[in-house]
> 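Dropping a structure here in structure tokens format, bear with me for questions.
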Amino acid sequence: MLQNKHTVFDCAIIDLHKIHNDAGNITVVENGFNAPFGVKRIYYLYDVPGGEERGGHAHYQLEQLIIAASGSFDVVLDDGTNKKKVSLNRPNMALHIVPGLWREIVNFSSGSICLVLASHRYDEKDYIRTYDKFLKYRT
Ligand code: TYD
């Protein structure tokens, strides 16, 4: 499928298994098991000041899994036609973002950690940084 034909409805929540233990839980994301793509890069957002927003871009190729490793935030997805807001607030819940969608991450709770698993290494050329350019890409 052409990357610019993906819609917000292609982005699913993946219920990651929780290995429960009274001494603390473990959740695993593993290539070839429950990751929907091969994970090549991991990064995390933290110390986000109250009221701050992140994202505000799209990617041509990159797929991501976004997890609220701690606290909560909302991911607003936009395919140029439809918008969808997904609230993440459990470390065993991952949002799979397919390529070609505009995304904003908002409403970070204090001390939250946004863990991102990505399908490719960092490449600034894969970013669409302006909304105008994104809308042109989608048409
Ligand atoms: P960006 O992806 O725009 O952040 P966000 O979507 O969270 O608002 O990245 C912010 C800056 O960090 C940008 O200058 C590029 C740099 N960066 C890297 O060098 N490597 C990475 O893997 C990422 C995600 C960002």
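In each ligand, atom 1 is the first atom listed, and ligand 1 is the first ligand listed.
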> Under a 4.0 Å heavy-atom limit, does Val116 contact ligand 1 with its side chain, its backbone, both, or neither?
neither
> Closer than 3.5 angstrom, by distance alone: can the side chain of Lys84 be matched with the main-chain N or O of Val8 as a donor-acceptor pair?
yes
> Got the closest protein heavy atom to atom 10 (C) of ligand 1, with its distance?
Arg54 NH2, 4.1 Å
> Is a donor on one side and an acceptor on the other found under 3.5 Å between the side chain of Asp74 and the backbone of Asn107?
no
> Would you say atom 24 (C) of ligand 1 touches the protein, meaning some protein heavy atom is under 4.0 Å from it?
yes
> Near Tyr43, which atoms of ligand 1 are under 4.0 Å from a heavy atom of that residue?
24 (C)
> Quick check on contacts: which atoms of ligand 1 are under 4.0 angstrom from a heavy atom of Arg129?
3 (O)
> Just let me know how Arg41 lines up against ligand 1, side chain, backbone, both or neither, with a heavy-atom cut-off below 4.0 Å.
side chain
> Which protein non-hydrogen atom lies closest to atom 14 (O) of ligand 1, naming both residue and atom, and how far is it?
Tyr122 OH, 4.7 Å
> What protein heavy atom sits nearest atom 6 (O) of ligand 1, and how far away is it?
His57 CE1, 2.7 Å
> Has the side chain of Asn82 got a donor or acceptor atom that lies under 3.5 Å from a matching backbone atom of Asp78?
no
> Determine whether the aromatic ring centres of Phe134 and Tyr137 lie less than 6.0 Å apart.
no
> When rounded to the nearest 0.5 angstrom, what is the spacing between CG in Asp10 and CG in Asp79?
8.5 Å
> Which ligand 1 atoms are under 4.0 Å away from a heavy-atom of Gly55?
5 (P), 6 (O), 8 (O)
> Does atom 1 (P) of ligand 1 have a protein non-hydrogen atom under 4.0 Å from it?
yes
> Assigning hydrophobic clusters by single linkage (Ile, Leu, Val, Met, Phe, Trp, Tyr; side-chain heavy-atom cutoff under 4.5 Å), is Phe9 placed with Ile66?
yes
> Check each atom of ligand 1 against the heavy atoms of Leu45 and keep those under 4.0 Å away; list them by number with element.
7 (O)
> If you look only at pairs with a residue in residues 65-93, which of them pass as a ring pair (Phe, Tyr, Trp, His ring centres under 6.0 Å), with sequence neighbours excluded?
Phe73-Phe108
> Just by distance, no angles: are the side chains of His20 and Asp22 close enough, under 3.5 Å, to form a donor-acceptor pair?
yes
> Using a strict 4.0 Å cut-off to heavy atoms of Tyr127, name the atoms of ligand 1 that fall inside it.
1 (P), 2 (O), 3 (O), 24 (C)
